[in-house]
Amino acid sequence: QVQLVESGGGLVQAGGSLKLSCAASGSILSINVMAWYRQAPGKQRELVASRSSVGNRNYADSVKGRFTISGDYAKNTVYLQMNSLKPEDTAVYYCHAVVRTPGISSFNNYWGQGTQITVSS
């Protein structure tokens, strides 16, 4: 099994910064992509940022220039530096990883438990 554990959530004022961390552990052969998603109340879960194992990064338009995804695949970790936070960034943030485990030829999706980010105006 694979576990994703997030940390770094909390309450911050608009304009502030937070950094999320996610560590993957368990029976991991390789990780193809690690990403951050978020889900606000009453809304669908959306991709915030992703980073592939070769370093390609993608961002939602709403966070470009404010959020930065980084990671260390040797340590199975991914980070999300969030600057200039806005009230509309308020959501539960989920870590996601596409992982290949021993004995399985395909990659599978795994999710963290989520961490709450609240941005006050």
Q. What are the two closest non-hydrogen atoms of N109 and H96, and how far apart are they?
A. OD1-NE2, 2.9 Å

Q) Are Y59 and L85 connected in a single hydrophobic cluster, I mean Ile/Leu/Val/Met/Phe/Trp/Tyr linked by side-chain heavy atoms less than 4.5 Å apart? A) yes

Q) What distance separates S52 OG from I31 CD1, expressed to the nearest 0.5 Å? A) 12.0 Å

Q) Just how far is it from atom CG of L80 to atom OG1 of T115, taken to the nearest 0.5 Å? A) 11.0 Å

**Q.** Nearest atoms (heavy-atom pairs only) where N32 meets Y73
**A.** O-OH, 4.1 Å

Q | Nearest heavy atoms of C95 and E6, plus distance in Å | A | N-OE2, 2.7 Å

Q. Is it the case that Q39 and E46 place a side-chain donor and acceptor less than 3.5 Å from each other?
A. no

Q) From K75 NZ over to S25 OG, what is the distance, rounded to the nearest 0.5 angstrom? A) 15.0 Å

Q: Might you point out which heavy atoms bring L20 and G9 nearest each other, and give the distance in Å?
A: CD2-N, 3.6 Å

Q) So if you build clusters from Ile, Leu, Val, Met, Phe, Trp, Tyr with side-chain heavy-atom gaps below 4.5 Å, do I28 and M34 land together? A) yes

Q: Report yes or no: do V33 and F107 belong to one cluster of Ile/Leu/Val/Met/Phe/Trp/Tyr joined by side chain heavy-atom distances under 4.5 Å?
A: yes

Q) According to the interplanar angle, ranging from 0 to 90°, do the rings of Y93 and F67 count as parallel (below 30°), tilted (30 to 60°) or perpendicular (above 60°)? A) tilted

Q) So, for G8 and I117, which heavy atoms are closest and what is the spacing to 0.1 Å? A) O-CD1, 4.4 Å

(Q) Give me the atom names and distance for the closest heavy-atom approach of A40 to T90. (A) CB-O, 3.7 Å

Q. Does R45 count as lying over the ring of Y94, i.e. NZ or CZ under 6.0 Å from the six-ring centre, within 45 degrees of the axis?
A. yes

Q: Could you give me the CA-CA distance, side-chain angles and deciding distance for V2 and T101, then say whether side-chain contact (heavy atoms from CB on, under 4.5 Å) is met?
A: CA-CA 8 Å; V2 175; T101 55; 3.6 Å; yes

Q) For the hydrophobic clusters of this structure (ILVMFWY residues joined by side-chain heavy atoms under 4.5 Å, transitively), does one cluster hold both L4 and Y37? A) no

(Q) Working note: S62 + R38, criterion side-chain hydrogen bond (donor to acceptor under 3.5 Å, both in side chains); need CA distance, chi angles, decisive distance, verdict. (A) CA-CA 12 Å; S62 60; R38 68 186 180 187; 3.3 Å; yes

Q.
What verdict does the side-chain contact (heavy atoms from CB on, under 4.5 Å) test give for Q1 and S27, after you've listed the backbone C-alpha separation in whole Å, the side-chain angles of each residue and the deciding distance to 0.1 Å?
A. CA-CA 6 Å; Q1 266 294 3; S27 301; over 6 Å; no

Q.
If hydrophobic clusters are built by linking Ile, Leu, Val, Met, Phe, Trp and Tyr wherever their side-chain heavy atoms come under 4.5 Å apart, do M82 and V92 end up in the same one?
A. no

Q: First locate atom OG1 of T77, then atom CG of D72, and finally report the distance between them rounded to the nearest 0.5 Å.
A: 5.0 Å

Q.
So that I can tick it off, tell me whether K64 and D61 are bridged by a salt bridge, with the cut-off set at under 4.0 angstrom between side-chain N and carboxylate O.
A. yes

Q) When rounded to the nearest 0.5 angstrom, what distance separates OG in S121 from CD in Q13? A) 9.5 Å

Q) Have R66 and S17 got a donor and an acceptor in their side chains that come within less than 3.5 Å? A) no

Q | Interatomic distance, C22 atom SG to N76 atom CG [nearest 0.5 angstrom] | A | 9.5 Å

Q: Determine, for W36 and R51, whether the Lys NZ or Arg CZ falls below 6.0 Å from the six-membered ring centre while staying within 45 degrees of the axis.
A: no

